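What follows is a single structure, written as structure tokens, with notes after it.
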Amino acid sequence: MHNTCQTKSRFCDRVRLLGLDFAGHPDFVHLYLEPPSWDYTPGQFVMLRPEIWVQDPIWPRPFSICEKTPEYMRIFVQVVGRGTSLLSSAVPDSEINMWGPLGRGFRLSLDKRYLILAGGMGIAPFVGLCKEHPYPGKLSLIFGHRMDRSCYPFDELPGEMQRQSMRQTNQEDMEHFGRVLQEQIARFAFKGEILACGPMPFLQVVHKHVLETGAPAQLSVETRMACGVGACLGCVVETRSQGLVQSCVQGPVFDAGELVL
Amino acid sequence: MHNTCQTKSRFCDRVRLLGLDFAGHPDFVHLYLEPPSWDYTPGQFVMLRPEIWVQDPIWPRPFSICEKTPEYMRIFVQVVGRGTSLLSSAVPDSEINMWGPLGRGFRLSLDKRYLILAGGMGIAPFVGLCKEHPYPGKLSLIFGHRMDRSCYPFDELPGEMQRQSMRQTNQEDMEHFGRVLQEQIARFAFKGEILACGPMPFLQVVHKHVLETGAPAQLSVETRMACGVGACLGCVVETRSQGLVQSCVQGPVFDAGELVL
Amino acid sequence: MNTSVDLGGLRLKNPIMSASGTFGYGLEFAPYGDLQKLGAIVVKGLSLQPRSGNPPPRITETPCGMLNAIGLQNVGVEKFLREKLPFLPADKTPVIANLYAQGAGEFAELAAILGDEPKVSALEINISCPNVRCGGVQFGQDPEAAAFVTRQVRRACPDKPLIIKLSPNVTDIRVIARSVQEAGADIISLINTLGGMAVDIHSRKPRLANTVGGLSGPAVKPVALKMVYEVCGVVDIPVIGLGGICSARDALEFIMVGAHAVQIGTANFMRPDLIFDLVDELPVLLAELGVESLEKFRGSLETA
Amino acid sequence: MNTSVDLGGLRLKNPIMSASGTFGYGLEFAPYGDLQKLGAIVVKGLSLQPRSGNPPPRITETPCGMLNAIGLQNVGVEKFLREKLPFLPADKTPVIANLYAQGAGEFAELAAILGDEPKVSALEINISCPNVRCGGVQFGQDPEAAAFVTRQVRRACPDKPLIIKLSPNVTDIRVIARSVQEAGADIISLINTLGGMAVDIHSRKPRLANTVGGLSGPAVKPVALKMVYEVCGVVDIPVIGLGGICSARDALEFIMVGAHAVQIGTANFMRPDLIFDLVDELPVLLAELGVESLEKFRGSLETA
Ligand SMILES: Cc1cc2nc3c(=O)[nH]c(=O)nc-3n(C[C@H](O)[C@H](O)[C@H](O)COP(=O)(O)OP(=O)(O)OC[C@H]3O[C@@H](n4cnc5c(N)ncnc54)[C@H](O)[C@@H]3O)c2cc1C
Ligand SMILES: Cc1cc2nc3c(=O)[nH]c(=O)nc-3n(C[C@H](O)[C@H](O)[C@H](O)COP(=O)(O)OP(=O)(O)OC[C@H]3O[C@@H](n4cnc5c(N)ncnc54)[C@H](O)[C@@H]3O)c2cc1C
Ligand SMILES: Cc1cc2nc3c(=O)[nH]c(=O)nc-3n(C[C@H](O)[C@H](O)[C@H](O)COP(=O)(O)O)c2cc1C
Ligand SMILES: Cc1cc2nc3c(=O)[nH]c(=O)nc-3n(C[C@H](O)[C@H](O)[C@H](O)COP(=O)(O)O)c2cc1C
Ligand code: FES
Ligand code: FES
């Protein structure tokens, strides 16, 4: 690793950007970073802040750990604003401050069946999960997306999985997708556990239906984060038992029953 | 030109960075930009502000026009701070806002002899001047520099010129250089006109000696500039006849007799 | 899209104005765009006598902003009327004179001179410049003094719209705003610069010869937006918002919290044709937002 | 290089402290550096009872800065003493409690509780938080109220160094500073956040659920530096400077205008090990400047 601050800290590295890979669309990019020394649980995330940002933007940006191999750490980014735009035009070999693995990932047991519900960029944390799972046959995925499927790392998921993708380009599609989610959640219900990640409106639909059916589910939520380490209190979400809690520490993955969305 | 705002303005272009050429040292770089439609007088300058700067740094940066050909406009930059550092790591094909030609350049007549005194980056405005001069034999140059001569565009100046370069690496060298300047100014005095550009301590030495001898001289001064167009009143220098005047409009080249340094 | 606005007697074809001191006398920007496009041109602060301002260095860059201590260098009102005003397209775009004086009497004298000038559409009174030791900031930081100056100027120039420009360096901007409204201001503009300072640890000197200066640019936008929002909530007269505006989006933010118009200051230094582009971009952005008129958008912020 | 400082009874091994609310209870940063390296640890503002704070969104980014309206969410003083303080290296690095209350009586009650705790080295009184409607900002904006709170806390906790943290949202910070010095403050820290606001023209909503918030980060550094400079000129007690400090250079700027120590706030979010690096970089930079001791550098600004 180019430069690591292991002596003074467990988790903060200045890593080199090995390369960028655009998924056929300028707004979707895979960042390949020098792999850190630590291991992670799918659903955990890192904070990234390129050295070159100096003082603007001031905050780092949180990203799910998409995949980690001995060669690289991969982050899948959609350009939505200034920070992601700057990241997508980062220069190979430039240095990025990265700290992690942050938060709580998905609690998994290898003998359980999982129904994975991913909306758009919500697919990111499941890439490593599915590819590293020893029995991908136990995993089913329903993937809703707005842009062409080729923008997302869908096709690289193990063929043994049961995978279904659906594109939503308008309100009608969204409603249809909502019904599919409802049906599938009801059908799967207690056969295993549901894992979900995606934008808030998507999560709210999933949340509603898992609570209705009582199906066990873990949901990963996205909030605005300044620090990622539990210090700024900016990233709070409402929980049933503890009120407002920092999702960077107690989340981003929560039991559906705990969350108030 | 990639994108020009000629319809709405005479002088502000968004030009493409054609390429960068490091002069064998990471702190000295030649920027090659799409050539603008206008012509210029040596000593005039442009303001540069890359699109990617967004809001920080807030100001553009002033640079002498080093050379202009039908293929490119060339700016010679020394990295001294944040803005020049960002410019030196700009990506080819990126877009830079450029306005100019700004200020007053050197008043030249082709039949006159000139003694050019350049300190460090003060060589920049003289590159085009010397290379385009039809009778370079009429030009003499004394060039003082701190870094290795190869960092500067000295060797590319026309061979017909009388050129002398001297390196200063310590206080003693500086004092010696000061004496050389004094001698040369006294010797040249009324044979033609003196043109000078360089850092303030250098200009102050030149100024002192040209005033002493009464030799006609034009000096180019550098001041902090925010706008380059005469609006911010930040760049003022003191003159004998008009008090504080904007050097971006009335300068950067002034008659030595006018300046209070 | 109709983007015209009526600021209590001062009609603008669009809400984009230049901010005083950042647009020279207007003419400096003529090579970069058509001055007639602008909603209004506010010129550099004018005083009775020419002023040479503070010694340099007068400006320094700060994170997302800048400090200035120009000290109100200007050609003086006479020379402005003789050498600058005749060349401005005053019949097409309102020209607004920004006034600086060291006392209420001097303000009144200036206002009387400019009030007689048909090519000047309105007066903006700078009671908030922090860069002049005597006068200046005191007026803007005390509600009584601000009201006093306002009344004097009002009396000296009863016929032209009167803009009072407020200082953000106060505990409660609403108190000052109400005070100048009661004293007869037609329009309020805010914010002027925030007091600030920068130093160089190598030379051990301040970065401005004047030691302290005024902070402007994007860095101050959140402060400006809050103050404009607060003032719009307590006065009935139109408010002009400024402070860090760099884009059509920024401009609409100020209008959404209640401003009638906006001024572009430090952003003019980022690119001399930026203000002209904003005039074009504003209606496009409004259309994108699905807004029918500027009027409808103004003050449309929804708070809980 | 000796970088230790004596803040009127509070001795620090170096002048780098964390700023309240940006460093959690300190423990959050333990994975990223050695807490014992720091000059002092100032923890998140504590209140008598636990507080759940404001609804989200509570933070938003601004040019070179951020706005927050956390609303002083904290575990309450009891839980802090029980669950956080025992795990901090209080014998190696002073732990400073930051106090928030809605009235002077409550402040005194809190001060009495924390004053009895040997592992707390000093109290910092936040009379300047703009995010709580009742109490908070009023104390910090009025010299009488600020003095009143200071006296109450002083009486309740006579034995520990007392830091009063000032609000920048005032017309003249010097008046408040002098007032709290006279009322018995041992140390003054400033600045807290500047009042600010951000809005979203698409949703037409404020970017913070609380509508307004506090601005911090590099954007406010020039404002902070000026106020620290001004306060150092009028008080005799040590001053802790903060506001936008991101580097050793920034820290030395505050010390050069007169501060004894500095706090690192928003910059902790840029990189969780930044504050630890600053502790190492400070003496290196001082040596580069040819300075023999921090003491000699303090207040060494040369003005005309
Ligand atoms: C735990 C976690 C994991 C994430 N994983 C990924 C990932 O794997 N890939 C990916 O592309 N994105 C991911 N995100 C979202 C990503 O952090 C934001 O898209 C990014 O911070 C936006 O930065 P920006 O500067 O481009 O946008 P900005 O200019 O800051 O904002 C643009 C828009 O995005 C919204 N936004 C900004 N930050 C966030 C945020 N933290 N969460 C939600 N919305 C935000 C803003 O409100 C605004 O509407 C994740 C977020 C979290 C909290
Ligand atoms: C008319 C004119 C022509 C110039 N021509 C050239 C040129 O051809 N090539 C070249 O490399 N440089 C030239 N300069 C200087 C160049 O503009 C500065 O080096 C540059 O603006 C520094 O920007 P920065 O962000 O890197 O430095 P900053 O971080 O802003 O400052 C670093 C140091 O440079 C000083 N500085 C900053 N701006 C200026 C300025 N405008 N003038 C003098 N000192 C400054 C600062 O005080 C500081 O000490 C010229 C300046 C002027 C006014
Ligand atoms: C260089 C400079 C000069 C200024 N001169 C004046 C002035 O003469 N009169 C005045 O009322 N305001 C003056 N101002 C303040 C601006 O008009 C404006 O209120 C302030 O800069 C905030 O807006 P901005 O952030 O958009 O620049 C000046 C500002 C700058 C940067
Ligand atoms: C998220 C956040 C929370 C804060 N909470 C507190 C607090 O609880 N008590 C307090 O006195 N100041 C609090 N502050 C103010 C900081 O301590 C500091 O005064 C301010 O942010 C300016 O410094 P900076 O620019 O270095 O951040 C908070 C600031 C931020 C950004
Ligand atoms: S992101 Fe700062 S507490 Fe969670
Ligand atoms: S740089 Fe603005 S007036 Fe000269």
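Protein chains get the first letters and strands the later ones, always in sequence-line order, with residue 1 at the start of each. Note that these values count all heavy atoms, side chains included, but never hydrogens, waters or copies made by symmetry. Note that the structure is a prediction, hence the values are computed from the model and not measured.
Ranked by heavy-atom pairs under 4.5 Å with chain B, the list C:Pro56, C:Pro218, C:Gly217 is led by C:Pro218. Ranking B:Asn97, B:Thr223, B:Val54, B:Val236 against chain C, the residue ahead of the rest is B:Val236, based on heavy-atom pairs under 4.5 Å.
For C:Ser247, no part lies near chain B; criterion is any non-hydrogen pair under 4.5 Å. Heavy atoms of C:Phe29 lying under 4.5 Å from chain B belong exclusively to its side chain. The contact between C:Cys246 and chain B is made entirely by side chain atoms (from C-beta outward), counting heavy-atom distances below 4.5 Å.
The nearest pair of heavy atoms linking B:Arg224 to C:Ile59 is NH1-O, 2.8 Å. When all heavy atoms of C:Gly24 and B:Ala231 are compared, the pair lying nearest together is N-CB, 3.7 Å. Pairing each heavy atom of B:Leu233 with each of C:Arg58, the nearest pair is O-NH1, 2.8 Å.
Interatomic distance, B:Cys227 SG to C:Glu28 CD, rounded to the nearest 0.5 Å: 8.0 Å. With rounding to the nearest 0.5 Å, the separation of CZ in C:Phe269 from CE in B:Met47 is 10.0 Å. To the nearest 0.5 Å, the span separating CE on C:Met270 from CD on B:Gln55 amounts to 5.5 Å.
Remark: the backbone N or O of B:Trp59 is paired with a side-chain donor or acceptor of C:Glu61 at under 3.5 angstrom.
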